[in-house]
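Everything on this sheet refers to the single structure shown next.
By convention in this document, chain letters (A, B, ...) are assigned in the order of the sequence lines, proteins followed by strands, and residues within each chain are numbered from 1. Since the structure is predicted, the reported quantities are computational estimates derived from the model, not experimental observations.
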Amino acid sequence: MPLRPGPVYVEILRAADSVPRGRLTTFGEIARTLGDYRAAKAVAEVISVMGRAYGVPWHRVVSSRGEILRGAEEFLREEGVVVKGGRVVDLTRRLVEAGELEARPILAEMRRTQRILAERVILEDEVERPELVAGADVAYRWERDEGGLPVEVARGAVVVVDTDLRVVDGSIQISPAVMPYVPTYLGFREFPALARALSRLSFDVAMMDGHGIAHPVFFGEASHVGVCLDIPALGVAKRRLVGKIRGEELIYMTRQVGWALPVKPEGRPVYVSPGHKVSLEGSAKIVKKFRGGTRIPTPVRLAHKLAEFPKPGEGRFGETSSL
DNA sequence: GCGACAG
DNA sequence: ATCTTGTCGC
């Protein structure tokens, strides 16, 4: 099966390819063309890692302050662009703005999909007393395909844990990443790898690294996975994406979307939010029950470890540990 | 420099 | 998330 970069990677490269010789654009302009300025950092990474190998004029894409990518200076000079101190001098005059770039507003389309699917989220407990919790996480690595082209690879891992916090089952699934990490679109990035691993196992509720409804359109990764696989799911995150903390409640747009559960009296809280077929109360209850003395609950912690790509020379059969 | 947006 | 040296604390 040949590795093909997903549509978001393709649109980023297409946008860069539409910048003519002697002109420039920015990571942010490309991100806005895709439909969301939040993708600016992802654009920078994709252009710098994939641009040269895919034959697009990567050197014509710079930061909003005119900072150029490493190695771009000689190519820009050759096109008559003046570079001084690692920055282009006349960005304004040469700038190709978002409206002139050739790319589809794919992130805007994905946002619409999130809004539609968010209406399907159910915030009631399907399972009253979960016995088996599936911790799920994904690790990433840039690799090269058979033709030497860089592709980002996802390694999804799921660990099923019982009420004694014992591992009873697990799965690892490797697949090409479908899109780079863009804040608020994490569900799209991780869903394929998670779905492959989750669909091979049986459990009562899935717990993943990320947020559930604590999201700008109430459709974080845990909601995405929960709705699309029609399984109970909840999110556990180390950092906040949206909302304000009031006591232990996480409030966004006048309603509670999750919890900021204290771990130690003075330590940082862990953010918990329902994804699908789990209630607010249920999500906190499950995390407390399956938390083994550490900040990150055991199922997610183990999944995180299992997802890691083995270092060269370590592990057998491509596995980090045996399950 | 500030603000900050999961992974 | 990944890249990475040393450092702090249970």
For DNA chain B, stems built from three or more consecutive Watson-Crick or G-U wobble pairs below 3.5 Å: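 If one scans DNA chain B for consecutive Watson-Crick or G-U pairs, no stem of 3 or more turns up.
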When clusters are formed from ILVMFWY side-chain contacts under 4.5 Å, directly or step by step, what else is grouped with [X]?
{"X": "A:L250", "result": "A:L117, A:V121, A:L123, A:I213, A:V217, A:F218, A:F219, A:V227, A:L241, A:V242, A:I245, A:Y252, A:M253, A:V257, A:Y271"}
{"X": "A:Y37", "result": "none"}
{"X": "A:V89", "result": "A:V82"}
{"X": "A:V81", "result": "A:L24, A:V62, A:I68, A:L76, A:V83, A:V88, A:L91, A:L95"}

Nearest heavy-atom contact between A:I47 and A:A16 is CD1-CB, 3.5 Å
Heavy-atom pair with the smallest gap, counting every atom of A:R155 and A:P310: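 Between these two residues, the closest heavy atoms are NH1-CD, 3.5 Å.
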Quick one: which of A:V300, A:V270, A:I286 gives a side chain to side chain contact (heavy atoms under 4.5 Å, CB included) with A:R291?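 Exactly one pass, corresponding to A:V270.
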Let me know the distance between [atom1] of [X] and [atom2] of [N], rounded to the nearest Å.
{"X": "A:W142", "N": "C:dT2", "atom1": "CH2", "atom2": "P", "answer": "13 Å"}
{"X": "A:I296", "N": "C:dA1", "atom1": "CD1", "atom2": "C1'", "answer": "14 Å"}
{"X": "A:F309", "N": "C:dA1", "atom1": "CZ", "atom2": "P", "answer": "13 Å"}

Contact list for DNA chain B against [range] - heavy-atom distance below 4.0 Å:
{"range": "residues 216-241 of chain A", "value": "A:G220, A:E221, A:A237, A:K238, A:R239, A:R240, A:L241"}
{"range": "residues 112-126 of chain A", "value": "none"}
{"range": "residues 34-46 of chain A", "value": "A:Y37"}

N/O donor to acceptor pairs below 3.5 angstrom from side-chain atoms of residues 275-284 of chain A, sequence neighbours left out:
residue	atom	partner	partner atom	Å
A:H276	ND1	A:I122	N	3.1
A:K277	NZ	A:E126	OE1	3.3
A:K277	NZ	A:D230	OD1	2.8
A:S279	OG	A:D125	OD1	3.2
A:S279	OG	A:D125	OD2	2.7
A:S279	OG	A:G282	N	2.8
A:S283	OG	A:S279	O	3.4
A:S283	OG	A:L280	O	2.7

Base, sugar-phosphate alone, or nothing: which one does A:A139 contact when heavy atoms must sit under 4.0 Å apart?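 Sugar-phosphate only.
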Would you mind classifying the nucleic acid contact of A:Y140 as base, sugar-phosphate or nothing, using non-hydrogen atoms under 4.0 angstrom?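 Here A:Y140 touches the backbone only, sparing every base.
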Hydrogens and angles aside, do A:R301 and A:T294 bring a side-chain donor and acceptor to less than 3.5 Å of each other?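 Result is yes, a qualifying pair exists.
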Verify whether one side chain among A:H224 and A:Q114 offers a donor that lies under 3.5 Å from an acceptor in the other.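 Looking only at side-chain atoms, A:Q114 and A:H224 do not form any donor-acceptor pair under 3.5 Å.
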Indicate yes or no: does [X] engage [Y] in a salt bridge with an N to O separation below 4.0 Å.
{"X": "A:E249", "Y": "A:R255", "result": "no"}
{"X": "A:D90", "Y": "A:R93", "result": "yes"}
{"X": "A:D164", "Y": "A:R166", "result": "no"}
{"X": "A:E102", "Y": "A:R14", "result": "yes"}
{"X": "A:K238", "Y": "A:D209", "result": "yes"}

Using the side-chain hydrogen bond (donor to acceptor under 3.5 Å, both in side chains) rule, take A:T33 and A:R104 through it: C-alpha gap first, then chi angles, then the decisive distance, then the call. CA-CA 7 Å; A:T33 305; A:R104 312 301 305 170; over 6 Å; no
Do A:D162 and A:E131 have side chains that approach each other closer than 4.5 Å (heavy atoms only, starting at C-beta)? no
N/O donor-acceptor pair under 3.5 Å between A:R23 side chain and A:R94 backbone: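 Checking the backbone N and O of A:R94 against the side chain of A:R23, a donor-acceptor pair under 3.5 Å is found.
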Taking a hydrophobic cluster as the set of Ile, Leu, Val, Met, Phe, Trp and Tyr residues connected by side-chain heavy atoms closer than 4.5 Å, whether directly or through intermediates, do A:L132 and A:M208 fall within one such cluster? yes
Lys/Arg cation over aromatic A:Y140: A:R189, 6.0 Å, 45° cone: yes
Reading DNA chain C 5' to 3', what string of ( ), [ ], | and . shows its pairs, if Watson-Crick and G-U wobble pairs count only when both distances fall under 3.5 Å? ..........
Could you run through nucleotides 3-10 of chain C and give me one letter per nucleotide, 5' to 3': B if any protein heavy atom sits under 4.0 Å from the base, S if only the sugar-phosphate is that close, - if neither? --------
Which nucleotide span of DNA chain B, 5' end to 3' end, has atoms closer than 4.0 Å to non-hydrogen atoms of chain A?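 Listing 5' to 3', DNA chain B meets chain A from B:dC5 to B:dG7.
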